[in-house]
*Asks:* 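My questions will all concern the structure given below.
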Amino acid sequence: MRAKVFCLAVALGLFAGPLFAAVTVPNIFGDHMVVQAGQAVPVWGKADPGEKVTVWLGGRSASTTAGCCGKWMVKVPPVKAEGAVEMTISGTDSKLVFRDVLVGEVWVGSGQSNMQMSVKSSRDAETEIAQADYPQIRLFHVERKVAGEPQDNCNGTWMVCTPENIPEFSAALYFFGRTLHEELKRPVGLIHTSWGGTPAESWTSRCALSSNPDLKCLVDQWDDTIQKYPAAMEKYKENLAAWEEAAAKAKADGKPEPSKPGEPRGPEHPHRASGLYNAMIAPIVPYGIRGAIWYQGESNAGRAYQYRELFPAMIEDWRAAWGQGDFPFYFVQLANFLARAPEPGESEWAELREAQTMTLGLKNTGMAVIIDIGEEKDIHPKNKQDVGKRLALNALAKDYGRDVAWSGPLYKRVHFKKGAAHLWFDHACGLSTQGNAPLKGFEIAGADRKFVWADARIEGKKVVVSSPQVPNPVAVRYGWADNPECTLTNASGLPASPFRTDKWPGRTAGRK
């Protein structure tokens, strides 16, 4: 329940003349919220121009004066609290009080359908829901919406994590947050903002896209689409009317119904460049956070080479908007998927995984590899528990100082010698295979670029790959398929990331 606004003088009509507006804040502030520990706490909103606003939180305070447009923002000094505190926001004639506020770790979770996938749709849903009684985990779900310009508010309410509140919440984000809470014994706030089927450009600001020569085309394409939308919609209505008449006639004649015309994309389409950034990211900026997790890429697989530029640009865009420096950003590599046998050759999904791996070059990033827990016939694997845990391992190791393994083997270098490829890896302690299964997933090629399945063996911290069909190898690939069968892990049981040693142009090179 949001705090009550006390405007006694206005409500009682004790004076004549212009009425003062009540001080307001976006919906990201409310009862049961979690504010980030160890950082100054940004609080912002609107009031009358020139009005003094003071924010109190856990015995700390900050004041400011609303600007000429009525906007204001303060940063309350870092708060230390063992239990719940109140946040009070006072203007000249109004006051907001938010209760049951916790100081802890705040994370944003975003992406497309695999981040949107709810706890009730995940593995062991009934048991997980029944056990989701965590008073110190708090949940905020941003309502899905598209906007042409950055918005200053969104629909959403902070909730306590209970069996009643968890079923519709993001499974991956919940299992990530639960792991942190159980390991750290601290309150955790989870802000969920995702939309199934959406590409990364929808989550990136117009400024970031337009200022990048390689990404400006994404904005231009959508500007053209929106400009042409009114005419396209009129044409669609004409086609729809003609279809309805033809469908009725086909039914009367006992013939198959003709194909229904598709509605054109318009301003409200969730694929609109920057449309989700405007409506679902901008309203929560710059709420104090520890970092973000991301589960997306399927909708960009057809443009994987472009994703090499787009994904890092999106991360840096968010970091610039929040103004918290290079906050941690951890993401999920695409799982194995598609019901067809893996064969040596090209793969859009493999190229997207490569683009994700390349993004590790950005500071304070990390990747959860799940090439071993996908479902070949379901693009939405139900095992979100391990997804959340592997993301959390990155945070526990890098942000919270825990001595835990956080990555499977990552390709480092190759040396070709006497008809074999010798491969070295980072995170290679105890190279092994899942369940002592045969080592699978490697393919090898010569200068003709024709890949064949290869024999592979583990020698200490390296893997040696060869094939009698390729006497002079020049390239090796591992897990290079939509749905690869690959078994390399390290001693912690974390799977190796798919990779290739060559730089030959892939299937998506040049696509925009």
Side-chain angles (χ1 to χ4, degrees), residues 304-305 307-308 312 333-334 336 342-362 365-372 405-434 437-509:
Y305 271 63
Y307 202 75
R308 297 179 178 186
Q333 189 186 69
L334 289 188
N336 51 305
E343 297 178 358
E346 302 303 327
S347 163
E348 294 179 356
W349 276 49
E351 290 175 22
L352 196 286
R353 294 186 193 110
E354 179 181 55
Q356 292 174 313
T357 305
M358 293 170 71
T359 304
L360 293 174
L362 278 186
T365 56
M367 182 172 69
V369 176
I370 60 168
I371 200 67
D372 58 328
W406 49 270
S407 175
L410 292 175
Y411 166 69
K412 186 177 182 180
R413 62 186 175 89
V414 63
H415 177 62
F416 294 97
K417 180 175 64 174
K418 296 181 179 180
H422 297 251
L423 299 157
W424 283 265
F425 300 82
D426 290 323
H427 308 282
C429 181
L431 285 182
S432 60
T433 60
Q434 293 172 331
L439 184 55
K440 295 182 178 181
F442 288 91
E443 50 191 284
I444 197 166
D448 61 0
R449 303 188 181 186
K450 294 181 180 179
F451 283 91
V452 299
W453 293 122
D455 299 318
R457 66 182 186 274
I458 296 170
E459 293 186 0
K461 292 188 177 182
K462 71 177 180 178
V463 175
V464 180
V465 181
S466 64
S467 170
Q469 299 179 60
V470 185
N472 297 302
V474 300
V476 173
R477 293 179 176 182
Y478 172 76
W480 200 260
D482 297 354
N483 183 35
E485 184 180 9
C486 46
T487 58
L488 182 64
T489 67
N490 58 16
S492 298
L494 295 173
S497 172
F499 68 91
R500 61 173 175 163
T501 66
D502 65 275
K503 296 182 180 180
W504 298 330
R507 183 177 293 175
T508 69

*Asks:* Can a side-chain donor-acceptor contact be found between Ser466 and Asp455 if the only test is distance below 3.5 angstrom?
*Replies:*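 Side chains of Asp455 and Ser466: no pair found under 3.5 Å.
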*Asks:* How would you list, by chain and number, every residue that makes a salt bridge (Lys or Arg N to Asp or Glu O under 4.0 Å) with Lys461, sequence neighbours excluded?
*Replies:*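 Checked Lys461 against salt bridge (Lys or Arg N to Asp or Glu O under 4.0 Å); zero matches.
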*Asks:* OH/Tyr478 to CZ/Phe499 distance, rounded to the nearest 0.5 angstrom?
*Replies:*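 Tyr478 OH to Phe499 CZ: 8.0 Å, rounded to 0.5 Å.
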*Asks:* What is the distance from atom CH2 of Trp406 to atom OG of Ser492, rounded to the nearest 0.5 Å?
*Replies:*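 Taking CH2 in Trp406 and OG in Ser492, the distance rounds to 11.5 Å.
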*Asks:* Determine the minimum heavy-atom distance between Leu334 and Ile371, stating which atoms define it.
*Replies:*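 Residues Leu334 and Ile371, closest heavy atoms: O-CD1, 4.2 Å.
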*Asks:* Can you name the closest pair of heavy atoms from Leu494 and Ala405 and give their distance?
*Replies:*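 Heavy atoms only, the tightest pair is CD1-O, 3.9 Å.
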*Asks:* State, with a plain yes or no, whether a side-chain heavy atom of Asp372 is found less than 4.5 Å away from one of Gln434.
*Replies:*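 Yes, their side chains come closer than 4.5 Å.
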*Asks:* Can you tell me how far OG1 of Thr487 sits from CG of Leu439, rounded to the nearest 0.5 angstrom?
*Replies:*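 Output value for this atom pair is 5.0 Å.
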*Asks:* Determine whether Pro498 and Arg477 make a side-chain contact, defined as any pair of heavy atoms from C-beta on separated by less than 4.5 Å.
*Replies:*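 SC-SC contact between Pro498 and Arg477 ruled out.
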*Asks:* Rounded to the nearest 0.5 Å, how far apart are CG of Leu352 and OG1 of Thr508?
*Replies:*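 If we round to the nearest 0.5 Å, Leu352:CG and Thr508:OG1 are 8.0 Å apart.
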*Asks:* Considering non-hydrogen atoms only, spot the tightest contact between Val452 and Ser467 and give its length.
*Replies:*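 So the minimum-distance heavy-atom pair works out to CG2-OG, 3.7 Å.
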*Asks:* Specify the closest pair of heavy atoms between Arg353 and Gly479, including all atoms of both residues, with the distance to one decimal.
*Replies:*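 Heavy atoms of Arg353 and Gly479 come nearest at NH1-O, 4.1 Å.
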*Asks:* Kindly compute the distance separating OG (Ser497) from CG (Leu488), expressed to the nearest 0.5 Å.
*Replies:*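 CG of Leu488 is found 10.5 Å from OG of Ser497.
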*Asks:* How many angstroms lie between OG1 in Thr357 and CZ in Arg308, if you round to the nearest 0.5 Å?
*Replies:*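 It comes to 10.5 Å.
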*Asks:* Taking all non-hydrogen atoms of both residues, which atom of Ile458 and which atom of Val463 are closest, and how far apart?
*Replies:*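 So the minimum-distance heavy-atom pair works out to CG1-CG2, 4.3 Å.
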*Asks:* Does a side-chain heavy-atom distance below 4.5 Å link Tyr307 with Thr359?
*Replies:*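 Not in contact.
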*Asks:* Apply side chain to side chain contact (heavy atoms under 4.5 Å, CB included) to the pair Phe451 and Ile444, showing each step before the final yes or no.
*Replies:* CA-CA 5 Å; Phe451 283 91; Ile444 197 166; 5.5 Å; no
*Asks:* Would you give me the side-chain donor-acceptor pairs under 3.5 Å for residues 408-425, sequence neighbours excluded?
*Replies:*
residue	atom	partner	partner atom	Å
Tyr411	OH	Val414	N	3.3
His422	ND1	Lys462	NZ	3.0

*Asks:* Kindly say whether Cys486 contributes a backbone atom to a donor-acceptor pair with the side chain of Asn336 at under 3.5 angstrom?
*Replies:*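 Looks like no, no N/O pair under 3.5 Å.
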*Asks:* How far apart are the closest heavy atoms of Ser347 and Trp480, and which atoms are they?
*Replies:*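 Reported closest heavy-atom pair: N-NE1, 4.2 Å.
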*Asks:* Could you check Glu346, Glu354, Glu351 and say which one makes a salt bridge (Lys or Arg N to Asp or Glu O under 4.0 Å) with Arg500?
*Replies:*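 Output: one option passes, namely Glu354.
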